[in-house]
Amino acid sequence: MNVTKGGLVLFSANSNASCVELAKKIGERLGIELGKVQVYQEPNRETRVQIQESVRGKDVFIIQTISKDVNTTIMELLIMVYACRTSCAKTISGVIPYFPYSKQCKMRKRGSIVSKLLASMMCKAGLTHLITMDLHQKEIQGFFNIPVDNLRASPFLLQYIQEEIPDYRNAVIVAKSPSSAKRAQSFAERLRLGIAVIHGEAQDAESDLVDGRHSPPAAKGVTAPGIHPTLEIPLMFPKEKPPITVVGDVGGRIAIIVDDIIDDVASFLAAADTLKERGAYKIFVMATHGILSSDAPRLIEESAIDEVVVTNTIPHEIQKLQCPKIKTVDISMILSEAIRRIHNGESMSYLFRNIGVDD
């Protein structure tokens, strides 16, 4: 049954099977069929998009999941958005469950803020609204000059914990680094469980050591060009990594590590080994976006981790075949409800109920 007003068109921007499957699930919940569109690669690797039905005066929603070929999927989305714009669509909303380049949202010495560039490109192409899920940094919303709805996957992951982990009451929520402590605290408070934080692991790519847009200050006694010779700038001493410690009791408990993205699994494997040494008898990893690149499936299969639970914001069917420990939670329900509410002009606040500023 169609649960929306007329004038809604739903497209899948990617020929990837998992993207089409997610789009079909959303369409079934909305009671509509997917719009007709062809997306393919020319022999010279150029992307071509052909809209095969009228979108004039309609609300268009384009669903795009990010495959392994990130840059190609971005071009598919941009070209399709622009095609709908030149075809006189009334509104063009992008449904991008995982926002690509989201980790490149801060200035790193002489690098660039790529997520800001991508946001500008999407707006320039003609996007009028963005629906996404669990942005790596919520501040990315400020890179857009259009409305952004940053949905949360935590209700689905919390439900999985309660329904699929029989003795979850004997669990402790774990943050694998202090930067993940807020997310872990949010899970722990909602499940009425304890929290543990692992501190002292190796610095990752988001370390403060590589943050900042300028070169390191000159060593004492060495005058940098353009600085008055009598001016001595205090030197910022480098941080020293302390020994690995676990703040919180995990002995004889189930450890549930929570994070937003699981890609390079080295830090998760190190955390799992540490928790095993501290007496945890089962280890689960819960994350919204399961990128699981490179040898991640094999490493997970050989590790102390019992189960990795991710949502279907990113295609990972191949990884699941390689590693039975990987489980998927479907989030098409909240995406379809967001589309319905936006198209019908209803409030989105229901989808953000009980979600605080720090969630």
Side-chain angles (χ1 to χ4, degrees), residues 13-14 41 45-47 49 62 64-82 85 92-151 177-180 182-183 202-218 224-227 233 235-236 238-239 259-267 287-294 296 313-314:
N14 196 329
Q41 301 289 318
R45 301 298 296 167
E46 289 184 358
T47 300
V49 174
I62 301 173
Q64 178 67 303
T65 58
I66 304 303
S67 66
K68 188 175 182 180
D69 192 352
V70 178
N71 297 327
T72 298
T73 55
I74 290 172
M75 285 305 301
E76 287 177 354
L77 175 67
L78 294 175
I79 294 172
M80 182 172 286
V81 169
Y82 190 68
R85 175 186 175 184
I92 307 168
S93 301
V95 183
I96 312 172
Y98 170 66
F99 188 76
Y101 288 98
S102 59
K103 285 190 174 183
Q104 298 188 47
C105 61
K106 295 180 181 179
M107 181 66 74
R108 310 286 182 191
K109 292 187 179 179
R110 295 181 183 87
S112 60
I113 306 176
V114 184
S115 54
K116 166 64 175 174
L117 171 64
L118 188 54
S120 300
M121 291 168 63
M122 290 181 179
C123 295
K124 190 69 175 178
L127 206 65
T128 60
H129 200 126
L130 176 68
I131 302 172
T132 187
M133 181 165 283
D134 282 338
L135 287 169
H136 186 57
Q137 298 288 343
K138 292 190 286 291
E139 291 78 8
I140 293 175
Q141 295 174 84
F143 295 161
F144 291 84
N145 55 15
I146 58 174
V148 177
D149 287 309
N150 182 27
L151 303 175
S177 65
S179 61
S180 305
K182 282 187 177 180
R183 179 179 296 270
Q203 295 288 337
D204 56 20
E206 302 206 33
S207 165
D208 288 338
L209 296 178
V210 296
D211 210 3
R213 61 182 64 198
H214 301 302
S215 301
I227 297 181
I233 300 175
L235 180 65
M236 177 66 76
K239 296 179 180 179
D259 212 334
D260 62 329
I261 299 172
I262 176 168
D263 185 6
D264 179 12
V265 297
S267 59
T288 303
H289 309 296
I291 301 176
L292 301 168
S293 56
S294 191
T313 56
I314 296 176

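These numbers were taken from a predicted model, which means no experiment stands behind them.
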key: Criterion side chain to side chain contact (heavy atoms under 4.5 Å, CB included) on Thr132 and Ser102, from CA distance to verdict   = CA-CA 11 Å; Thr132 187; Ser102 59; over 6 Å; no
His136/Asp260 under side chain to side chain contact (heavy atoms under 4.5 Å, CB included): CA gap, chis, key distance, verdict = CA-CA 7 Å; His136 186 57; Asp260 62 329; 2.7 Å; yes
ask   = Step by step, would you call Met122 with Ile96 a side chain to side chain contact (heavy atoms under 4.5 Å, CB included)?
value = CA-CA 11 Å; Met122 290 181 179; Ile96 312 172; 3.6 Å; yes
ask   = Can Thr65 and Ile314 be said to form a side chain to side chain contact (heavy atoms under 4.5 Å, CB included), step by step?
value = CA-CA 6 Å; Thr65 58; Ile314 296 176; over 6 Å; no
task = Test Asp263 against Ser293 for side-chain hydrogen bond (donor to acceptor under 3.5 Å, both in side chains), laying out the working first.
result = CA-CA 6 Å; Asp263 185 6; Ser293 56; 2.3 Å; yes
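The two residues Pro100 and Val70 come nearest to each other via the heavy atoms CB-CG1, 3.9 Å. Residues His129 and Ile146 share a closest heavy-atom pair of N-CD1, 3.7 Å. For the residue pair Ser180 and Asp259, the shortest heavy atom distance occurs at OG-OD2, 3.7 Å.
Judged purely by atom type and a 3.5 angstrom limit, Gln64 uses its side chain to pair as donor or acceptor with the backbone of Thr73. Side-chain atoms of Thr313 never come within 3.5 Å of backbone atoms of Tyr98 as a donor-acceptor pair (strictly under, hydrogens ignored). Asn150 places a side-chain N or O within donor-acceptor distance of the main-chain N or O of Leu135, the cut-off being under 3.5 Å.
From Glu76, atom CD reaches atom CG of Asn71 across 11.5 Å, with rounding to the nearest 0.5 Å. Cys105 SG to Lys116 NZ: the interatomic distance, rounded to the nearest 0.5 Å, is 13.0 Å. Atom NZ in Lys103 sits 13.0 Å away from atom OG in Ser115 (nearest 0.5 Å). With rounding to the nearest 0.5 angstrom, the CD atom of Gln104 is 10.0 Å from the CG atom of Leu117. How far CE of Met133 is from CZ of Phe99: 15.5 Å, rounded to the nearest 0.5 Å. The structure places CD of Glu46 at 12.0 Å from OG1 of Thr72, a figure rounded to the nearest 0.5 Å.
Annotation: Phe144, atom CZ; neighbour count of heavy atoms from other residues, nucleotides and ligands within 6.0 Å is above 12.
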